[in-house]
Amino acid sequence: MEGISKKQQIIEAAIACFSEKGYRGTSIQDIADALGIAKGSMYFYFKSKEDLLHSICKYYLELLEMSIAHIDENSELEPREKLREMVAQGYKQYDEHKGFIMILMQERFELNDEIHGLIVKMRRRGLLSSQRTISKLYGPEVEPYACDAALLFHSFIDCYLSLVILENKRFDVEDLADFVMQRMDEIVHGMIKSKAKTVLGKGILEQWESSAAMVRQGGKADVMQEVAAMRAAVEQAALPGDQMDEILSSLHVIEAEFEKAEPQPIVMKGMLSFIKSMKVAELKKHLPKLEQYIKEQIG
């Protein structure tokens, strides 16, 4: 497991244990035993089993949002290719993270506000990305229908994916992408030709954009979003395990400090200085943003 942080090792071991014994049937001791570490060392990274579960949810939701962003921001893909890739992405993510998804399907959990917010944010990001791509693909005539078309597009993806998850049905992803795109062509051209009355119209897009802008505005959301982006970048970088653990622990301190009613600037600035001293290329673009956000909020 060289190059994988201790936190990531715990997450992967937890998923394996949860998949085998169920969430409620798995103890912190079981996960520690699977890793061959002392139970007490687990609490350095996670306060409880529930905290571990929420961290797993957060980790995968951030990965999903990053995959959407990667498609959305890929200038080499034509609009039709982007939509096809969005169809395929859901199935790729399911195959890669099947164990975790099955945990969520088998047992009911009360997810905290942060996880709920991440789910809403991810869904909004996907819908906005699809709406913009549909507008580029079909031209100005589709503008009145682009929001409804984006929702229908995601309905196709969600419904077929539900058969994979619930019924263990398998599809050829390329054939499915072809099928979905052909149906989208028919739906979009049909709405344009018939001058269909829309359900959502364009107004909802302004609300989505406004909500997305609120997430991007200065404040706690910006700090937390940048910390999340840095954490994801570190966990995907080829770093020695010890170095990765130290950076992730520093990010955790920043996050925890900012949650306090009266955060201490010296603590967060000290953690930032420590992370800078690591000279990790993957964090170069994130550090100035985080530093500025913190300066704006607490001086």
Side-chain angles (χ1 to χ4, degrees), residues 60-98 101 104-105 118-213 215-216:
Y60 282 124
L61 286 169
E62 287 168 356
L63 282 183
L64 287 171
E65 190 187 0
M66 286 178 66
S67 71
I68 294 170
H70 178 73
I71 296 170
D72 191 29
E73 296 166 5
N74 190 340
S75 59
E76 296 181 1
L77 290 177
E78 295 296 326
R80 194 173 192 86
E81 293 174 323
K82 284 188 177 184
L83 291 176
R84 283 180 55 86
E85 184 59 27
M86 287 181 193
V87 174
Q89 191 60 229
Y91 301 90
K92 292 177 182 176
Q93 292 292 339
Y94 174 72
D95 284 339
E96 188 172 348
H97 308 306
K98 183 176 180 179
I101 293 171
L104 296 182
M105 294 296 296
L118 286 171
I119 292 171
V120 171
K121 180 183 171 187
M122 182 192 69
R123 292 293 291 177
R124 184 185 296 130
R125 176 72 182 258
L127 287 166
L128 280 168
S129 176
S130 299
Q131 176 267 321
R132 287 192 295 264
T133 306
I134 286 169
S135 294
K136 290 178 183 178
L137 176 60
Y138 296 104
E141 286 185 314
V142 81
E143 285 296 332
Y145 315 105
C147 183
D148 286 290
L151 288 173
L152 290 170
F153 175 69
H154 281 269
S155 295
F156 277 125
I157 296 172
D158 292 345
C159 286
Y160 282 103
L161 185 56
S162 70
L163 290 176
V164 174
I165 296 172
L166 299 175
E167 304 293 340
N168 202 28
K169 177 70 175 173
R170 304 303 299 174
F171 298 104
D172 182 290
V173 174
E174 293 300 320
D175 287 346
L176 181 60
D178 286 338
F179 178 83
V180 170
M181 290 310 303
Q182 288 166 8
R183 302 294 76 77
M184 288 302 299
D185 289 342
E186 294 166 358
I187 289 169
V188 169
H189 292 312
M191 287 192 293
I192 293 171
K193 184 177 180 179
S194 66
K195 297 181 180 178
K197 181 180 178 180
T198 61
V199 175
L200 296 176
K202 296 181 67 174
I204 191 67
L205 298 182
E206 296 173 2
Q207 296 176 28
W208 286 352
E209 291 286 8
S210 176
S211 297
V215 174
R216 293 192 294 267

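All values below come from the heavy atoms of this structure, side chains included, with hydrogens, waters and symmetry mates left out. Everything numeric in this text was worked out from a predicted model, so none of it was measured.
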Phe153 and Val87, any side-chain heavy atoms less than 4.5 Å apart = yes
Charged N-O contact under 4.0 Å between Arg84 and Glu174 = yes
Looking at side-chain heavy atoms only, is the closest gap between Leu83 and Met184 below 4.5 Å?
-> no
Hey, does Val188 have a side-chain heavy atom less than 4.5 Å from the side chain of Tyr145?
-> no
Taken to the nearest 0.5 Å, the spacing of Tyr138 OH from Ile187 CD1 works out to 9.0 Å
Within the side chain of Ser162, is there an N or O that forms a donor-acceptor pair under 3.5 Å with the backbone of Cys159?
-> yes
For Val142 against Ile134, the heavy-atom pair lying closest together | CG1-O, 3.8 Å
Could you check if a side-chain atom of Asp185 sits within less than 4.5 angstrom of a side-chain atom of Arg80, using non-hydrogen atoms only?
-> yes
Write down the atom of Cys147, the atom of Leu200, and the distance for their closest heavy-atom approach.
-> SG-CD1, 3.6 Å
Flag the pair Glu85 and Lys92 as a salt bridge only when some basic side-chain nitrogen lies within less than 4.0 angstrom of an acidic carboxylate oxygen.
-> yes
Identify whether the distance between the nearest side-chain nitrogen and carboxylate oxygen of Arg183 and Glu186 falls below 4.0 Å.
-> yes
Got a second to check how far Leu166's CG is from Leu161's CG, nearest 0.5 Å?
-> 9.0 Å
Do Tyr160 and Lys169 have side chains that get closer than 4.5 Å, going by heavy atoms?
-> no
Distance, nearest 0.5 Å, that separates CG of Asp172 from CZ of Phe179 | 13.5 Å
Which atom names give the shortest non-hydrogen contact between Gly126 and His154, and what distance separates them?
-> O-NE2, 3.2 Å
Enter the distance from Leu137:CG to Lys82:NZ here, rounded to the nearest 0.5 Å.
-> 11.5 Å
Euclidean distance, His70 NE2 relative to Leu77 CG, rounded to 0.5 Å | 7.5 Å
Gap separating the CG atom of Asp148 from the CD atom of Gln131, nearest 0.5 angstrom | 11.0 Å
